[in-house]
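Numbering of ligands and ligand atoms starts at 1, following listing order. Along the sequence shown, residues are numbered consecutively beginning with 1. Keep in mind that the numbers below use all heavy atoms, side chains included, and drop hydrogens, waters and symmetry copies.
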Amino acid sequence: MNPGAGACRQVHIETFGCQMNEYDSELVRALLTREGYIVTEDRERADVILMNTCAIRENAHTKVYTHLSDLKVLKKTRPLVVGVLGCMAQNLKEELTKQEPLVDLLAGPDSYRQLPLLISRAIDAQEQGQHVKALAVDLSEYETYDDIVPARLPGVNAWIAVMRGCDNFCSFCVVPYTRGRERSRGPQGILDEAARIAGEGFKQVTLLGQNVNSYRSGDWDFARLLIAVAEVPGIERVRFTSPHPKDFPPALLEAVAWHPKICKHIHLPAQSGNDRILGMMNRTYTRRDYSALVDRIHSMNPSIALTTDIIAGFCSETEDEFDDTYRLLEEVRYHSAFIFLYSERTNTIAARKFTDDIPPEVKSRRVTALVELQRRISIERNREYLGQTLPVLVEGDAKKSDLQAMGKSDANITVIWNKTDGPWCPGDVVACSIYDASASTLYAKAIAGTEDSRAKSEHSCTNIVQS
Ligand code: SAM
Ligand code: SF4
């Protein structure tokens with residue numbers, strides 16, 4: 001069977017983890033569709049189920065294993081090829097090949113081009129009553145999938161990966177081992193992709209990379225790229241994630257502070273507020289460097305919202321060192337924060353050099369304390385918007401009620417209003433007057449849209465907002 005003969009085979013893709021994985025699933029969808037496979041949302045009818053996995057934290061890993069055991073039941077009822085893609089395939093190839101007979105194929109993040117071949121091999125073997133493990137897990141120094149147009153589902157936001165891999169080797173992190181060396185795409189491919197996306201009706205682009213602000217291609221750095229994407233006609237908003245605090249030259253801060261289409265939000269992962277722990281984590285900045293960067297950002301434009309990632313209970317973290325992180329949250333007053341309990345990952349520097357010696361109950365207590373603190377701060381931060389009118393990009397129905405619509409403010413905060421306020425469609429920018437706030441949501445009265453969105457709404461939208 002040649003790979004082009006994927007015709008009529010149905011493939012279902014399940015995605016775990018970060019936005020980069022969502023983007024990779026769009027690449028895989030494109031690669032399989034062009035070889036004749038049909039990508040289906042219907043898992044029950046699929047000939048092939050691919051799980052695009054994440055290995056960053058223990059819970060992501062556990063979720064994938066739970067899912068695999070569900071598939072065992074399904075595989076007993078009919079012929080089915082099961083594949084594991086992405087970071088877990090890369091990191092746990094031995095474990096998955098030796099101990100997991102359910103898995104028929106494995107493809108790491110740099111091997112998606114080989115998928116059609118791997119799938120056809122696995123199907124052929126299965127049809128002949130054999131079981132092979134089709135495997136492609138080599139990391140590449142060059143693969144950026146620059147020529148592949150991701151098969152995106154329709155929506156308001158489109159992701160564009162501008163670089164892949166990471167060279168930072170933070171001691172807790174598995175990414176450099178699962179996604180390989182850092183490499184950037186050329187700017188032209190990215191700008192062409194942004195123009196295509198705008199033509200397809202997407203209003204917002206999020207530039208993605210594990211260390212997105214270290215982007216470099218010839219004399220293009222990340223600030224230049226960000227501005228060029230923001231200038232693409234039809235793009236209303238540009239975001240980026242995740243930047244590393246070490247790579248913030250003035251030109252990048254100025255672009256975020258002043259360019260009208262670059263969102264006033266920076267996700268600035270701190271990980272810890274203590275210098276000894278930051279050193280052990282190999283983050284390459286001190287608490288002082290980080291605080292100075294926060295001050296610089298806020299002095300350029302105080303409306304820039306900051307969010308962060310924190311790890312609690314890293315190897316040997318004392319109560320005093322944990323208190324430094326607690327105080328960092330009090331000092332910066334982030335709009336929101338992802339707070340993680342440290343989980344040791346195979347192969348990382350921390351797994352090799354340090355002991356994961358903080359008892360689980362202490363880690364949990366520290367996470368809870370930070371989550372409670374951050375919740376109080378997020379409410380205070382969000383209450384600062386009361387009485388203000390914010391431009392909101394409409395995304396669709398609110399999660400909890402289809403009588404309400406939801407969108408995102410420039411600072412990336414969820415805003416909700418009653419659909420009876422007006423007939424706006426996903427992709428419209430609506431002026432919302434904020435009258436209430438919780439830790440995660442602003443409640444608003446939608447009062448006006450842009451000229452453009454009003455004209456469009458009159459023709460194509462009732463006051464039902466599509467999701
Ligand atoms: N590149 C980003 C940066 O430099 O911060 C982060 C990318 S990582 C995919 C997302 C977040 O997962 C990290 O910021 C970190 O807080 C968390 N993380 C990574 N490894 C972890 C581990 N072993 N245990 C707990 N959290 C972890
Ligand atoms: Fe992991 Fe550090 Fe790279 Fe972020 S910068 S992906 S935390 S190694």
Number the atoms of ligand 1 from 1 as they appear, then name those within less than 4.0 Å of a heavy atom of Tyr342, with their elements. 23 (N), 24 (N), 25 (C)
for atom 8 (S) of ligand 1, nearest protein heavy atom and its distance come out as Ile56 CD1, 4.0 Å
Of the protein's non-hydrogen atoms, which lies at the shortest distance from atom 4 (O) of ligand 1, and what is that distance? Arg283 NH1, 3.2 Å
Distance under 4.0 Å to a non-hydrogen atom of Ser242: what atoms of ligand 1 satisfy this? 2 (C)
Considering only heavy atoms of Arg345, which atoms of ligand 1 have at least one such atom less than 4.0 Å away? 23 (N)
Aromatic ring proximity, centroids under 6.0 angstrom, Phe16 and His67: yes
Which residue owns the protein heavy atom closest to atom 16 (O) of ligand 1, what's the atom, and how far is it? Gln271 OE1, 2.7 Å
Among Asp356, Leu268, Thr348, Asp309, which residue places a heavy atom closest to atom 11 (C) of ligand 1? Asp309
Using heavy atoms and a threshold below 4.0 Å, how should the contact between Ser343 and ligand 1 be classified: side chain, backbone, both, or neither? both
Please work out which of Gln210, Lys246, Met20, Glu344 has its closest non-hydrogen atom nearest to atom 7 (C) of ligand 1. Gln210
With heavy-atom distances below 4.5 Å as the criterion, would you say the side chains of Cys166 and Arg179 are in contact? no
Residue-ligand contact Asn168/ligand 1, heavy atom below 4.0 Å: no
Compile the protein residues with any heavy atom at a distance under 4.0 Å from an atom of ligand 2; present them by chain, then by number. Cys166, Asn168, Phe169, Cys170, Phe172, Cys173, Val175, Pro176, Gln210, His244, Arg283
Which of the atoms in ligand 1, numbered in the order shown and given with their element, are less than 4.0 Å from a heavy-atom of Pro269? 3 (C), 5 (O)
Does Arg113 have more than 12 heavy atoms from other residues, nucleotides or ligands lying within 6.0 Å of its CZ? yes
Start with the C-alpha gap between His335 and Asn382, add the side-chain angles, then the distance that decides, and say whether side-chain hydrogen bond (donor to acceptor under 3.5 Å, both in side chains) holds. CA-CA 7 Å; His335 277 69; Asn382 284 349; 5.1 Å; no
How far is atom 25 (C) of ligand 1 from its nearest protein heavy atom, and which residue and atom name does that atom have? Leu341 O, 3.5 Å
Any heavy-atom pair between the side chains of Gln204 and Leu393 that's under 4.5 Å? yes
Without swapping roles, check the side chain of Lys203 against the backbone of Gly201 for a donor-acceptor pair under 3.5 Å. no
In the protein, which heavy atom is nearest to atom 12 (O) of ligand 1, and how far is it? Arg57 NH1, 2.6 Å
Measure across Ile377 and Arg333 and return the closest heavy-atom pair with its distance rounded to 0.1 Å. CG2-CA, 3.6 Å
For residues Phe202 and Arg152, determine if any side-chain heavy atom of one lies less than 4.5 Å from a side-chain heavy atom of the other. yes
Could you check whether any heavy atom of Ile311 sits closer than 4.0 Å to an atom of ligand 1, since that is the contact criterion I want to use? yes
Quiz item: cation-pi between Arg57 and Phe340, 6.0 Å / 45°: yes
Quick check against the 3.5 Å criterion: does Thr368 have a side-chain atom that pairs as donor or acceptor with the backbone of Ser364? yes
Can we call the ring centroids of Phe169 and Tyr177 under 6.0 Å apart? yes
Going through the checks in order, is the salt bridge (charged side-chain N to carboxylate O under 4.0 Å, His left out) test met by Lys261 and Glu236? CA-CA 6 Å; Lys261 292 194 173 176; Glu236 300 280 343; 5.4 Å; no
Apply the side chain to side chain donor-acceptor pair (under 3.5 Å) test between Asn91 and each candidate in Thr348, Asn347, Thr178; give the one that qualifies. Asn347
Just one of Thr284, Asp247, Asn211, Asn282 clears the side chain to side chain donor-acceptor pair (under 3.5 Å) bar with Asn168, so which one? Asn211
Determine whether the side chain, the backbone, both or neither of Phe172 has a heavy atom under 4.0 Å from any heavy atom of ligand 1. both
Proximity to ligand 1 by part of Met281, non-hydrogen separation under 4.0 Å: neither
